[in-house]
Amino acid sequence: MADIDALVAELTRAEKLSLVRGTTDPEGTATGYLPGVPRLDIPPLRLVDGPLGIRAEGGRATAFPATLATAATFDTDLARQQGAATAREARAHDQDALLAPGVNILRVPHCGRNFEYLSEDPVLASGLSRALVAGIESEDVIATVKHFVANNQETHRTTVSADVDERTLRELYLPPFRAAVEAGVGSVMTAYNRVNGTHMSDHERLVGDVLKDEWGFAGYVVSDWYGLESTVGAANAGLDVEMPGVPSGPDDPGEEFEWPDGIPDGSRAGLFGDPLADAIDHGSVPARRLDEMVRRVLGQLARIGLLDDRDRPGELDTDRHRDLARAVAARGTVLLDNDGVLPLADDADVALIGPHIYDAKLGGGGSSETTPFHSVSPADGVTARADGAVATARGIPEIENVSLFDLLPFVDSGHEADDDSGHEADPSLDDAIAAAEDADIAVVAVRDATTEARDRDSLALPGRQNELIEAVAAANDRTVVVLRTGGPVETPWREDVAAVVEQWYPGQADGAALADVLYGDRDPSGRLPVTFAPEESYPASDERRFPGEDGVAHYDEGVFVGYRHFDAEDDEPIYPFGHGHSYTTFEYGDATAVGDATVEVAVENVGERAGREVVQAYVRPPAVEGIDRPEREFAGAQPVRLDAGESRTVTLDLDELAFTRYSDGWTVDDGRYTVEVGRSVADVRSTVSIER
Ligand code: GLC
């Protein structure tokens, strides 16, 4: 391993500064770039988006499902595989650091980036964060966990202050980042927002004291793009690298450009250039701080083999990556309702209806956009799988797509729009109704449209999709609705249809994974990582909380986010956390405790077909005078595949976070903890006590 200290000692001041401030990649592929120091054989460092696949300018890569779909598998091993595969594709594109995973808690159901994140629950989000990071890092690519911290909305994201108490930070918002550090993440990206009034890039307590000192994070802290608030404040708080470091703006520099809400001012670049040199010369930033910044960067280059020319071949669009993209999409698909209409008979005559049935739903808008080599639309996938007739109809006009890049006329997303011509010109609702009337089954595929830098203004399906669903359901009482959304949506027609399936954003394998589940080739094993409820019932429905007032989002719901809130309000959501049906039936034995942090339970598949269950555990703490705790907290899950008639004892290791609470330090109250084991937060099959 290179002698970092010796290298730092040899570097000139100018060379050190070149290692902490981004510049333009001469090859034009990287999202962020550090030029290296050829004189000392220090190679460049290339950073690239994103959580759903590689967005290398002009390059194509596997479009994996949105990480919210990965989360819906509750399968950390699968998440690790996805992390590793994405990292291999980064290397194939000659990139060294992946700007992923995004692990912010789903506090606001409208948030435009929920699709890039993991869960409303900190234990589930932490387990997946740990797995994704471990997968990425296992391929000698630097993972970049983001956006540190409390970046839970896109509205006013570059100015809003998240006012959140210490207990809530510790118990809810920080754990997924702490898990990433424990998994060896090489980089942490600070968020655009403020926390309790201080900009995250200047946040000495959270970046310096908590992340670096308390957790022992040894990698580098990188700003979000144009997300540096100051030179001195950031350097002294613990920021190590400014990205992208070079200004961006309209081609005509003289043009007055009004930066839209949620878009950082691209002219604010170079704060870690001369201004940092001046700050050091004037003593407001110690020279040793620059050395530490450089040491942290070089330490990561050394760790991934960049300083010793380690062979790091990549892998791009291989069969195993395509198969993995399809498996994650299918495994993350959640069967929300089913009256028995699913799985489809091979020979069923199907009417496939929806404004976007001819294009795969790859992901949401923004920096996570990926351009795949190929993709499978719902129409392609269902037509290829069906033995019966498949009639297709759009029914209504397409939903307006949204993307961050539409707000930045001078930035190329690098995203190549697929050619979507060659299908029926003007959609006709009558045609869709006629197709539904003539078919055994009507499948209506609908979607929302979300993007970085914008939050949804409603949880209703956009456009005339609800109208389409109602019209088709009236024409055929065996109607299946397939949701492709970046988070919870309202389902006013759910009592009028035979089945509801949630695919999230399934990525390139879209139609193939959909057919896998609709025809029962794969059991729908997805479970909800986020609660579906009426829009006004979420804790964030209070404007003081979201989008906030006078620049402040008040997190005064505290730890009561998601199912914790609905439990506390005794308010039954539409589809609860952890919910998801299978095509078979599972029965549970009596759970038993093994020690004080593990439970075991026998699970049997009593149905006629193989299936995959996600066995879940929740911990109910003892009541403590004056302490307001959630009624129960998710403590872990174990996916298990069982053939018809097969029974297996499943072991669940309970995350300590579900037992502890934070009050000027972590504490576990003495007393009896009830562990609930079952299929969801609302479907408990067995309980067992653990004394602490
Ligand atoms: C964006 C995003 C971040 C992304 C970065 C580079 O603004 O917030 O997630 O990795 O800039 O594109």
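Order of appearance sets the numbers: ligands from 1, and atoms from 1 within every ligand.
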Practice item. Can you sort out which atoms of ligand 1 are near Met189, meaning under 4.0 Å from one of its heavy atoms? Key: 10 (O)
Exercise for review: Examine the side chains of His554 and Glu549 and answer whether a donor and an acceptor come within less than 3.5 Å of each other.
Suggested key: no
Review point. Who are the side-chain hydrogen bond (donor to acceptor under 3.5 Å, both in side chains) partners of Asn114, not counting sequence neighbours?
Key: none
Check your understanding: Quick one: does Glu452 get a heavy atom under 4.0 Å from ligand 1?
Key -> yes
Practice item. Go through ligand 1 atom by atom and flag the ones less than 4.0 Å from a non-hydrogen atom of Trp225. Key: 5 (C), 6 (C), 11 (O)
Review point. What atoms in ligand 1 come closer than 4.0 Å to a heavy atom of Ser367?
Key: 2 (C), 3 (C), 4 (C), 9 (O), 12 (O)
Point to revise | Short N-O contact, Arg91 and Asp140, less than 4.0 angstrom | key: no
Point to revise | Atoms of ligand 1, numbered as shown, that sit under 4.0 Å from any heavy atom of Lys146 | key: 3 (C), 4 (C), 9 (O), 10 (O)
Review point. Salt bridge check: are Arg55 and Glu369 linked by an N-O gap of less than 4.0 Å?
Key: no
**Study point:** For Thr31, atoms of ligand 1 separated by under 4.0 Å from a heavy atom
**Key:** 6 (C), 12 (O)
Study note, to complete from the structure: Of all protein heavy atoms, the one nearest atom 5 (C) of ligand 1 is Asp224 OD1, 3.4 Å
Check your understanding: Quick one: which ligand 1 atoms are inside 4.0 Å of a heavy atom on Leu99?
Key -> 10 (O)
**Study point:** Check: Leu228 main-chain N/O paired with Ser201 side-chain donor or acceptor under 3.5 Å
**Key:** no
Exercise for review: Do me a favour and list the nearest non-hydrogen protein atom to atom 7 (O) of ligand 1 with residue, atom name and distance?
Suggested key: Tyr192 OH, 2.7 Å
Review point. So which protein heavy atom does atom 10 (O) of ligand 1 come closest to, and at what separation?
Key: Asp49 OD1, 2.6 Å
